[in-house]
Protein chains: 2
Amino acid sequence: MSTDSSTRLPGAARPLRPAVPEATVARLPVYLRALTAAAEDGVDTLSSDELATAAGVGSAMVRKDLSHLGSYGTRGVGYEVDYLIYQISRELGLTQDWRVLIVGAGNLGHALANYGGFASRGFRVVALLDLDAARVGEHIAGLHVDSVDRLEQVVAEAGVHIGVLALPADAAQATCDRLVAAGVTSVLNFAPCVLEVPAGVMVRKVDLSTELQILAFHQQRRVFQVERHPVAGRSRVPLAEAL
Amino acid sequence: MSTDSSTRLPGAARPLRPAVPEATVARLPVYLRALTAAAEDGVDTLSSDELATAAGVGSAMVRKDLSHLGSYGTRGVGYEVDYLIYQISRELGLTQDWRVLIVGAGNLGHALANYGGFASRGFRVVALLDLDAARVGEHIAGLHVDSVDRLEQVVAEAGVHIGVLALPADAAQATCDRLVAAGVTSVLNFAPCVLEVPAGVMVRKVDLSTELQILAFHQQRRVFQVERHPVAGRSRVPLAEAL
DNA sequence: TCGACTTTGTGCATTCGTTCACAAGTGCCT
DNA sequence: AGGCACTTGTGAACGAATGCACAAAGTCGA
């Protein structure tokens, strides 16, 4: 993250609600998904407890999170599903359609372009660019792959809001710079590298191998635990191996 | 996360080092990557300040993070790159090879199977399974796609440590259950749903659309800011649209 | 209308994570 | 040998996030 929402225009009027905490924002999409699923099942009301179970968190946290958006529940009853869906969507800005540009038409770019979860939440992939001239012209998910040379043009013409980098690490920074220069202020980076951007541009990183490494850390730690306190339970994999 | 490393076997001897904080663990892979890059450039020593820049964090945090692993730096000099790479790798458990099973051979499964960042960090994809019988037999990244029916068999024979779910949400829970029943205790979930697992099994979730939603939230917020305090600066996209 | 029951919203305590600031080491130059 | 410049490691202050517990506010049935 490179934007600090504090210290903005010294004399500026502070927003009335004291801003939604980052941790809460990260959970809102999870609630939203649970709510959508419930709505499809015909449920029209959920208690914080039920929502908490569906989202895999504690009920107190659900209530506190939702309280940051306003008082949208009814005591003794719970939250009306449709209404809450609307409120969360609005808070997240999903009521408008965001135009997304994916750079990199490799496997990951393909996967992203085909992912159905985007369109239903107001994200529209407007173009798919690739560095490899050989790949230009392919047809993926209703889009034809275009050359990365046309990046600036596409950003300007389509009014791209969010750029997604699904390309090798060595091309990521240069491409990111071009996106930023073209006016994109939100970037989702799948390349395994740290991007430098000017203040005011927001970058989020998704790193596949990082996730595996975190899992490995915990798994290793657990093996040590088991080793010191052997418990009845499967250990198909010889423990010696873990050293 | 569903494992609580506290409250484990009441009378058990506590580990000598008070455990590495979760937030630190999440950053270790980033440091590792920066260190590896430095090593390839022939750098043999890095200060916390240089490492911090490369990793995109503050230098105090680098020092505190690394201090949790031990005292591997030299005052007045910095950290020896090779040595630190080794120590972090060991801490993360990357010195052994982890056997990974990917379930779901769609675009995302393809992307994961082809991803080069795994092998170099001790992660070996031992199999790629799919629910779609039509896809069985395909050849991807040196693996042939097998049927998900053979899941239990593959887990047992290959000694799978980590399961990766790259399939639709409606098949995720059932497949996860099968993995867990077969003895897998670490799962990386790309399906957009919350998985329930018994205590002792660790799940990490990567959600593509969640990341976009978080970006959208901040972008929207920024547009409001600009609207209230118009600053010289591009706003290609009509502001009215953001309402 | 009243009382039993349910569930939200929130003040408070606690834990976790980050940043600051500096003493204590280390290498280098004279 | 001694002083200087540099960098680590860490106590302490701060801030963010989580969980607890309960008053306030609503529903429902009699």
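Note that the structure is predicted; figures quoted are calculated from it, not measured. Quick note on labels: first sequence line is chain A, next is B, and so on, each numbered from 1.
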Taking DNA chain C as the partner, which of residues 29-56 of chain B come within under 4.0 angstrom of it by heavy atom? none
Tell me whether B:Gln173 contacts the main-chain N or O of B:Glu196 through its side chain, where contact means a donor paired with an acceptor under 3.5 Å. yes
Just checking, is any N or O donor in the side chain of B:Gln87 or B:Arg90 under 3.5 Å from an acceptor N or O on the other one? yes
Which pairs, protein N/O on one side and nucleotides 25-27 of chain D N/O on the other, fall under 3.5 Å?
unit_1 : atom_1 : unit_2  : atom_2 : d
D:dA25 : O4'    : A:Arg75 : NE     : 3.4

Would you sort out whether B:Leu46 and B:Leu84 count as a side chain to side chain contact (heavy atoms under 4.5 Å, CB included), showing the intermediate values? CA-CA 10 Å; B:Leu46 279 183; B:Leu84 193 52; over 6 Å; no
Taking the side chain as everything from C-beta on, heavy atoms only, tell me whether A:Leu188 gets closer than 4.5 Å to A:Val206. yes
Residues at least two apart in sequence or cross-chain that pass salt bridge (charged side-chain N to carboxylate O under 4.0 Å, His left out) with A:Glu211, listed by chain then number, are B:Arg204
side-chain hydrogen bond (donor to acceptor under 3.5 Å, both in side chains) contacts in which one or both residues fall within residues 33-42 of chain B, not counting sequence neighbours: A:Asp207-B:Arg33
Does any non-hydrogen side-chain atom of A:Leu179 lie less than 4.5 Å from one of A:Leu165? yes
State, with a plain yes or no, whether a side-chain heavy atom of B:Leu112 is found less than 4.5 Å away from one of B:Phe118. yes
note: B:Leu66, atom CG; D:dT8, atom P; distance rounded to Å ~ 9 Å
Would you check if the side chain of B:Arg222 reaches a backbone N or O of A:Thr185 as a donor-acceptor pair within less than 3.5 Å? yes
Residue pair A:Glu22 / B:His218, side-chain donor-acceptor N/O under 3.5 Å: yes
How long is the straight-line distance from CG of A:Leu66 back to CD of A:Glu91, given to the nearest 0.5 Å? 10.5 Å
Near DNA chain D, which residues from residues 78-87 of chain B have a heavy atom under 4.0 Å away? B:Gly78, B:Tyr79
Contact class for A:Ser71 (heavy atom, under 4.0 Å): base, sugar-phosphate, or nothing? sugar-phosphate
Letter per nucleotide, 5' to 3', of nucleotides 12-20 of chain D [B base touched, S only sugar-phosphate touched, - untouched; heavy atoms, 4.0 Å]: B----SBBB
Do B:Asp177 side-chain atoms and B:Ala181 backbone N/O form a donor-acceptor pair below 3.5 Å? no
Length of the line joining A:His68:NE2 and C:dT10:P, which is rounded to integer Å: 9 Å
Show your working on side chain to side chain contact (heavy atoms under 4.5 Å, CB included) between A:Ser209 and B:Phe123 and close with a plain yes or no. CA-CA 9 Å; A:Ser209 106; B:Phe123 296 101; 5.7 Å; no
